[in-house]
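Note that the numbering runs from 1 along the sequence shown for the chain. Everything quoted here is computed from the prediction, not taken from an experiment. As a basis for the values below, the full set of heavy atoms in this structure was taken, side chains included, without hydrogen atoms, waters or symmetry mates.
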Amino acid sequence: MTASLKKVRASMMNAIHDLPLLVAGDEGFFRDEGLDVEIVRTPGSGQRDSDHQALRANVFDRTMEALYDQGACDQFRMCEWGVMKRAVESTVTSGHRAAKIVALGSAMSTFAIVTDPKSRIYEPEQLKDKPIGVSPFNGSHFTTLKLLEGFLKREQIRTTFAGTMKERLDAVSRGEVAAVSLMEPWISIAEKRGLRVLMESHSTRSEAAGDELDGATLAKMFRAEASAAEAIQKSPGRYAHYLIEEAGGLLELKDLKLSRILNAAPEPYTRERFDHTYQWTLGWGLVAPGATYENTVDNRAWQ
């Protein structure tokens with residue numbers, strides 16, 4: 001029977017971003033759609049023993065993007081702005097495998113700005129001109145800018161590279177930075193240690209793929225992910241073990257805030273969404289100019 005299933009290689013990094021992918025495999029939702037999806041696991045910033053390859057400033061040098069460039073996977077998802085950067089720069093620069101935005105993704109990952117109570121920081125305005133630990137061009141970076149620009153002028157927001165989630169947590173506890181941006185399960189780890197969540201927001205993933213992956217196959221993948229998202233929302237605790245495993249012994253299920261696990265069905269990436277997100281990212285100087293909706297987005301899964 002396996003021989004009749006269409007093989008697809010989809011890459012993942014951190015569980016909070018890729019939980020629908022994992023659950024679709026666990027529960028047989030991909031198989032139900034006639035797919036044999038191989039999940040190519042790549043290091044992210046969220047595993048306790050992560051290295052820095054996923055955090056390199058050049059997005060094409062990062063683990064997942066490098067594998068995609070080499071043809072080792074067919075499809076991937078990242079934060080919406082990260083996928084925008086990857087898709088745009090593969091379009092406007094040469095030498096890289098093209099990737100299109102093919103959906104607004106299924107995972108809405110929570111990011112939080114966290115401080116140590118010893119810093120006596122109680123509100124976002126107190127972060128004016130103070131270093132906030134992120135990883136450049138990742139969800140932690142983009143979401144921090146989004147959260148803070150409602151409280152501070154852009155020139156008052158100071159982000160700095162602070163390594164992996166574990167390294168960031170250690171850095172803010174030592175007072176080396178005023179705050180850090182964390183995702184789950186590291187927000188819950190911070191809370192367990194008595195650190196302060198200053199503000200938080202969900203951050204939508206986007207899905208990306210090359211032209212080689214046809215619309216019908218993508219549609220099947222997205223239907224499977226939609227079924228997975230529904231299953232997760234009905235019983236998040238059933239699948240939380242993936243996040244607990246990433247914490248490497250620093251967290252138990254009872255300490256994880258399950259309400260931060262939010263997922264929904266993938267949907268088309270609209271022109272309105274593209275215009276808003278691209279212009280915002282361009283306005284911060286985080287992406288190359290010259291992209292258009294037509295050369296960056298392909299909603300073929302719905303055509």
Could you walk me through whether Tyr122 and Arg120 satisfy the side chain to side chain contact (heavy atoms under 4.5 Å, CB included) test, starting with their C-alpha distance in whole Å, then the side-chain angles of each, then the deciding distance to 0.1 Å, before giving a yes or no? CA-CA 6 Å; Tyr122 308 104; Arg120 301 181 68 183; 3.8 Å; yes
Any idea which heavy atoms bring Ala247 and Trp186 closest together, and the distance? CA-CZ2, 4.4 Å
Clusters formed by hydrophobic residues whose side-chain heavy atoms approach within less than 4.5 Å: which one holds Leu262, and what are its other members? Met108
Hey, mind stepping through Glu80 and Thr277 against side-chain hydrogen bond (donor to acceptor under 3.5 Å, both in side chains) and telling me if it holds? CA-CA 8 Å; Glu80 181 181 4; Thr277 302; 2.9 Å; yes
With Arg97 as the cation and Tyr68 as the aromatic partner, state whether NZ or CZ is under 6.0 Å from the six-membered ring centre and within 45° of the axis. yes
Given salt bridge (charged side-chain N to carboxylate O under 4.0 Å, His left out), test Lys192 with Asp255 step by step and report yes or no. CA-CA 7 Å; Lys192 182 180 180 181; Asp255 302 312; 3.4 Å; yes
Please assess Asp36 against Val8 for the test side chain to side chain contact (heavy atoms under 4.5 Å, CB included), listing each intermediate value before the final yes or no. CA-CA 6 Å; Asp36 176 15; Val8 179; over 6 Å; no
Can a salt bridge be assigned to the pair Glu200 and Arg260 using a cut-off of 4.0 Å between side-chain N and carboxylate O? yes
Does a salt bridge link Glu176 with Arg168, judged by any charged N lying under 4.0 Å from a carboxylate O? no
So does Tyr269 get a backbone contact from the side chain of Asn299, meaning a donor-acceptor N/O pair under 3.5 Å? yes
Show every donor-acceptor pair shorter than 3.5 Å between a side-chain atom in residues 98-107 and any protein atom, with sequence neighbours excluded, or say none if there are none.
residue, atom, partner, partner atom, Å
Ser106, OG, Glu225, OE1, 3.2

Using atom types as modelled and distance alone, determine if a side-chain donor or acceptor of Ser135 lies under 3.5 Å from a backbone N or O of Asn138. no
Parallel, tilted or perpendicular, judged at 30° and 60°: which one describes the rings of Tyr278 and Phe274? parallel
Is the closest side-chain donor-acceptor distance between Glu272 and His276 under 3.5 Å? no
Arg154/Glu149 salt bridge by N-O under 4.0 Å criterion: yes
Does a side-chain heavy-atom distance below 4.5 Å link Cys79 with Arg205? yes
With a 4.5 Å cut-off on side-chain heavy atoms, are Leu5 and Leu35 touching? no
Could you give the distance from CG (Leu195) to CG (Asp116), rounded to the nearest 0.5 Å? 5.0 Å
Write down the atom of Ser181, the atom of Val134, and the distance for their closest heavy-atom approach. CB-CG1, 4.0 Å
Counting only heavy atoms not in Lys128, do more than 12 fall under 6.0 Å of its NZ? no
Could you walk me through whether Val114 and Leu198 pass the side chain to side chain contact (heavy atoms under 4.5 Å, CB included) test, one step at a time? CA-CA 6 Å; Val114 173; Leu198 199 63; over 6 Å; no
Can you tell me how far CG of Leu258 sits from OG of Ser188, rounded to the nearest 0.5 angstrom? 8.0 Å
So do the side chains of Glu33 and Met221 get within less than 4.5 Å of each other, counting heavy atoms only? no
Just do the side-chain hydrogen bond (donor to acceptor under 3.5 Å, both in side chains) check on Asn14 and Tyr242 with the steps written out, would you? CA-CA 9 Å; Asn14 301 297; Tyr242 282 112; over 6 Å; no
Stacked cation flag Lys146 on Trp284, 6.0 angstrom / 45 deg: no
Report yes if some heavy atom in the side chain of Leu218 is under 4.5 Å from a heavy atom in the side chain of Arg300; otherwise report no. yes
I'd like to know if Asp214 and Lys6 make a salt bridge, using a cut-off of under 4.0 Å between side-chain N and carboxylate O. yes
Following the transitive rule for hydrophobic clusters with a side-chain heavy-atom cut-off under 4.5 Å over Ile, Leu, Val, Met, Phe, Trp and Tyr, establish whether Leu253 and Ile16 coincide in one cluster. yes
Decide salt bridge (charged side-chain N to carboxylate O under 4.0 Å, His left out) for Arg196 and Glu191; before the verdict, give the C-alpha distance in whole Å, the side-chain angles of both, and the deciding distance to 0.1 Å. CA-CA 7 Å; Arg196 175 178 295 140; Glu191 289 179 316; over 6 Å; no
Side-chain contact test, heavy atoms from C-beta onward, threshold under 4.5 Å: evaluate it for Met84 versus Ser206 and give yes or no. no
Mind telling me whether Phe142 and Phe137 have parallel, tilted or perpendicular rings, with 30° and 60° as the class edges? tilted
Taking only Lys NZ, Arg NE, NH1 and NH2, and the carboxylate oxygens of Asp or Glu, determine whether Glu294 and Arg271 approach each other closer than 4.0 Å. yes
Do the side-chain N and O atoms of Thr292 and Asn295 include a donor-acceptor pair separated by under 3.5 angstrom? yes
4.5 Å side-chain heavy-atom contact, Leu21 and Leu19: no
Between NZ on residue Lys257 and CD on residue Glu184, distance to nearest 0.5 Å: 8.5 Å
Stepwise side-chain hydrogen bond (donor to acceptor under 3.5 Å, both in side chains) check, Thr110 with His202: CA-CA 4 Å; Thr110 302; His202 283 98; 3.0 Å; yes
Quick one: does any side-chain atom of Ser235 pair with a main-chain N or O of Ile232 as donor and acceptor, under 3.5 Å? no
What distance do Arg158 atom CZ and Thr144 atom OG1 have between them, rounded to the nearest 0.5 Å? 14.5 Å
Distance from Ile244 atom CD1 to Leu251 atom CG, nearest 0.5 Å? 4.5 Å
Given side chain to side chain contact (heavy atoms under 4.5 Å, CB included), test Met183 with Met165 step by step and report yes or no. CA-CA 8 Å; Met183 63 191 180; Met165 294 288 155; 3.7 Å; yes
Restricting to non-hydrogen atoms, name the atom on Leu243 and the atom on Ala15 that form the minimum distance, rounded to 0.1 Å. CD1-CB, 3.9 Å
Summary of ring-ring contact (aromatic ring centres under 6.0 Å, His included) pairs that have at least one residue in residues 220-239, sequence neighbours excluded: Phe222-Trp302
salt_bridge(Arg9, Glu38) N-O dist < 4.0 Å: no
In short, Ala72 meets Val40 closest at the heavy-atom pair O-CG2, 4.1 Å
Are Asp170 and Arg193 ion-paired here, with the side-chain N under 4.0 Å from a carboxylate O? yes
Does the side chain of His17 come under 3.5 Å of the side chain of Ser109 through a donor N or O and an acceptor N or O? yes
Kindly say whether Ala87 contributes a backbone atom to a donor-acceptor pair with the side chain of Thr91 at under 3.5 angstrom? yes
Nearest atoms (heavy-atom pairs only) where Gly25 meets Phe30: N-CD1, 3.7 Å
Tell me whether Gln233 contacts the main-chain N or O of Asn263 through its side chain, where contact means a donor paired with an acceptor under 3.5 Å. yes
Within-4.5 Å side-chain heavy-atom neighbours: Thr159 and Leu145: yes
Heavy-atom side-chain contact between Pro124 and Ile113 under 4.5 Å: no
Under a 4.0 Å threshold between the charged nitrogen and the carboxylate oxygen, would Arg77 count as salt-bridged to Asp18? yes
To check you understand the geometry: which heavy-atom pair defines the closest contact between Val197 and Ala112, and what is its length? CG1-CB, 4.0 Å
